[in-house]
Amino acid sequence: MSSVALTEPTNEAFADLKEELVADAATEATKKKLGVLFWICAVWILLVAALAITASLLPLHDPTIGNYNWPQNGGPSSTNWLGTDDLYRDILSRLIYGARVSLIVGFGGALIGLALGGIPAMLSAYRRGRVDTILNTGSYIFLAFPALVALIAIVSFWKPTNVWKITLIIGIFGAPLIFRIVRAATLSYATRDFVLAAKALGASDSRILAREILPNIMPTIISFSLIAVATIIVLEGTLAFLGLSVSPPTPSWGNMLYEGSQLLVGAKGQTNVWLVIFPATAMFSLLFSLNVVADKLRAYFDVTEIKL
Amino acid sequence: MARYIAKRLALLIVIILFVSVAAFFLVHLLPGDPATTILGPNATAQNVATINKELGLNKPLWQQYFIWMGHVLQGNLGQSFTTHQTTTSIIAESFPIDVELIIFSQIIAFAIAFPMAMHAARRPNKLFDQASNGTTFAMLALPPFVIAPVLVLIFAVHWHVFPGPASYVPLTQNFWSNIHTMLLPSIVLALGSIVVYFRLLRNDLISTLQEDFITMARSKGLSDRRIMWRHALRPSSISMLASAGVTISTLIAGTFVVELLLQMPGLGYQLVSSVNQDDYTVVQGITLVVAIAIVLINFIFDFLFTIVDPRIARE
């Protein structure tokens with residue numbers, strides 16, 4: 001009798017609590033929506049990627065060779081949807097082929113940075129010790145080095161420049177930054193109880209890193225990597241604008257903008273508004289989408305600000 | 001405080017040494033040798049040997065580094081292969097343009113970001129705040145090489161509000177036309193800084209305004225204006241100041257872009273044209289000077305930091 005009297009209210013209280021928790025979770029879930037903008041941006045990134053990958057299968061004009069039957073610096077028309085440039089080339093097909101450069105350098109560079117910076121970061125933050133101190137100081141010193149200036153110097157001596165070289169160099173320069181982010185994220189989980197529990201159960205270090213820590217820091221890595229992709233695309237674009245990225249006639253958004261602005265400033269006595277507006281819009285929309293997706297994902301996974 | 005500065009200074013020296021080694025060895029680590037690069041199609045075995053001897057390239061690398069460093073410390077950065085101008089004089093002529101661009105753009109950026117952030121933080125999530133927040137988020141996706149050609153197209157080519165390219169006038173020659181030519185590139189550079197400063201200051205102001213000491217000040221009956229200026233602004237401007245050093249060093253990339261676009265003979269313009277002419281001593285010299293300048297700027301901002309918030313030095 002007494003046991004019933006004791007358990008009943010407790011059960012009731014427990015049920016109440018549970019109900020409350022469920023309600024809380026429900027409001028949390030409604031609060032945490034990715035939103036329409038996220039999906040528009042994600043679809044846009046995928047669309048640009050799909051176009052870039054299938055570019056050679058699509059019925060596009062040749063991006064590197066012009067057709068002299070078209071107008072020079074022509075505006076949008078039914079044959080050339082986005083107009084032509086000063087060398088009678090189709091701007092739309094140059095934009096689509098140019099997306100390849102931005103995407104390869106952006107995502108490739110981020111992957112190289114993750115491999116070179118992320119893996120050592122997890123190990124070093126998990127094991128600590130002298131190696132961690134050295135790597136940590138090293139990354140500080142490396143980050144103090146102005147990346148763009150170093151990139152310009154390297155690119156200028158390592159000729160000829162192609163997409164893969166640029167990707168590799170930018171990836172190596174991105175590694176210290178990714179090291180810092182992944183290290184901070186790993187540190188915040190390395191001393192948690194579930195890691196200790198796994199250790200007590202006799203799990204190996206590689207198992208703990210891969211199965212216990214990695215899934216927890218994945219959201220941080222994904223959202224910061226997207227920011228890294230955007231930053232790398234900007235870096236490549238800046239190099240291209242300075243005429244130091246992939247060599248012409250290979251199109252990239254940066255060198256199209258450069259060509260457009262060279263015409264703009266009257267270098268050849270012509271102007272072509274379209275050669276400025278379309279590459280600029282393409283670049284803006286891709287960077288904006290990457291920023292939105294990264295920002296929404298960060299809010300969605302509730303990545304708290306990590307002390308870097 | 002003294003210990004903090006000593007520590008930063010030690011790091012500064014290590015970084016500058018690292019930068020000098022990197023700038024020097026960059027040329028040697030990469031495929032191809034300087035002599036053939038300089039000579040181009042004239043690279044016969046005899047010419048290569050002459051150049052190597054002339055530049056001391058036949059000595060061991062470490063010895064070359066110390067010879068080079070010895071010259072650098074005496075202010076000798078070698079001379080251009082194409083114009084035979086000394087690298088030091090090239091830098092002395094072009095550096096003021098970058099400094100002027102950076103100063104103007106920072107004045108514009110602070111003049112706009114401060115009032116904007118203070119106004120937005122007063123009523124968070126209301127119309128002005130949301131509008132400026134959205135606009136600045138979008139502007140994060142507008143790097144200088146995208147926005148510069150568009151603004152030149154609108155303001156210089158179409159409306160002729162600002163002079164077009166290649167119209168740079170030195171400050172010493174004509175003050176007003178210099179300012180006029182500097183305005184458009186400074187605005188381009190300022191845009192990027194405004195975004196960063198606004199977002200950081202707004203966020204920090206909003207969280208500061210919820211602190212107890214602000215409630216205290218309010219209950220004492222202080223005016224909103226006084227609370228904002230005297231109580232909230234200083235503790236909120238730390239992360240913004242911290243970013244100013246980084247922002248200014250990324251501005252260097254921006255100045256390169258606008259200089260190239262508007263054909264202003266600043267450091268970026270000189271660097272890119274010497275890269276295109278394979279003028280490696282000039283590239284080496286400018287790389288070194290720009291890198292050291294950026295490292296110094298970061299050091300100065302670290303120091304400013306401790307003045308605004310002395311707690312940082314005590315950590």
Side-chain angles (χ1 to χ4, degrees), chain A residues 137-138 140-159 227 230-231 233-235 237-244 253-254 257-267 271-273 275-277 279-292 295, chain B residues 11-12 14-16 18-19 22-23 26-32 34 37 137-138 140-150 152-153 156-158 164-166 249-250 252-254 256-257 260-263 268 271-272 274-276 278 280 283-284 286-288 290-291 293-295 298-299:
Chain A
T137 320
Y140 262 124
I141 294 176
F142 207 92
L143 279 177
F145 201 81
L148 182 87
V149 180
L151 273 176
I152 290 176
I154 294 175
V155 170
S156 62
F157 293 113
W158 197 12
K159 281 172 180 165
I227 301 279
T231 315
I233 289 176
V234 170
L235 210 52
T238 308
L239 278 180
F241 193 87
L242 301 177
L244 301 172
W253 293 353
L257 263 170
Y258 170 69
E259 284 160 20
S261 55
Q262 283 304 97
L263 294 182
L264 198 71
V265 300
T271 47
N272 187 343
V273 180
L275 200 49
V276 173
I277 289 178
T281 313
M283 192 52 106
F284 170 74
S285 66
L286 183 65
L287 293 174
F288 180 74
S289 303
L290 283 167
N291 286 346
V292 168
D295 194 57
Chain B
L11 192 64
L12 179 79
V14 172
I15 291 169
I16 288 180
F18 178 75
V19 164
L26 217 51
V27 187
H28 299 275
L29 283 177
L30 297 164
T37 317
F137 185 83
L140 282 174
L142 285 174
F145 76 94
V146 174
I147 195 72
V150 176
V152 168
L153 176 70
V157 177
H158 263 259
S249 50
T250 53
I252 304 279
F256 287 8
V257 166
L260 203 72
L261 181 61
L262 294 170
Q263 292 161 34
L271 180 61
V272 173
S274 8
V275 163
N276 289 331
D278 289 324
Y280 95 95
V283 174
Q284 214 173 30
I286 294 179
T287 308
L288 184 73
V290 173
I294 291 175
V295 173
N298 281 327
F299 176 74

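Note on naming: letters A, B, ... go to the chains in the order of the sequence lines (proteins, then strands), and numbering restarts at 1 for each one.
- Chosen from A:I233, A:L290, A:V276, A:T137, the residue pairing most often with chain B at heavy-atom distances under 4.5 Å is A:V276.
- Listed here is the closest heavy atom pair of A:F241 and B:L261: CZ-CD1, 4.0 Å.
- Looking only at side-chain heavy atoms (C-beta outward), B:F137 and A:V292 come within less than 4.5 Å of each other.
- Side-chain contact between A:T238 and B:F256: absent, with no pair of heavy atoms (C-beta onward) separated by less than 4.5 Å.
- For a residue to count as touching a neighbouring chain, one of its non-hydrogen atoms must lie under 4.5 Å from one of that chain's; by this rule A:L286 does not touch chain B.
- Remark: B:A141 engages A:F284, A:L287, A:F288, A:N291 in a side chain to side chain contact (heavy atoms under 4.5 Å, CB included) (not counting sequence neighbours).
- A:L235 does not touch chain B: none of its heavy atoms, backbone or side chain, sits under 4.5 Å away.
- Contact of B:V257 with chain A is made through backbone and side chain together, with heavy-atom distances under 4.5 Å.
- Interface remark: B:L11 contributes side-chain atoms only to the contact with chain A (heavy atom separation under 4.5 Å).
- Counting heavy-atom pairs closer than 4.5 Å to chain A, the top-ranked of the candidates B:I147, B:I286, B:V146 is B:V146.
- For B:L260, the side chain to side chain contact (heavy atoms under 4.5 Å, CB included) criterion is met by A:L242, A:Y258, B:Y269, B:V272, not counting sequence neighbours.
- For chain A, the nearby part of B:V283 is the side chain; its heavy atoms alone come within less than 4.5 Å.
- Most heavy-atom pairs under 4.5 Å with chain A, from the set B:L271, B:V290, B:L153: that is B:L153.
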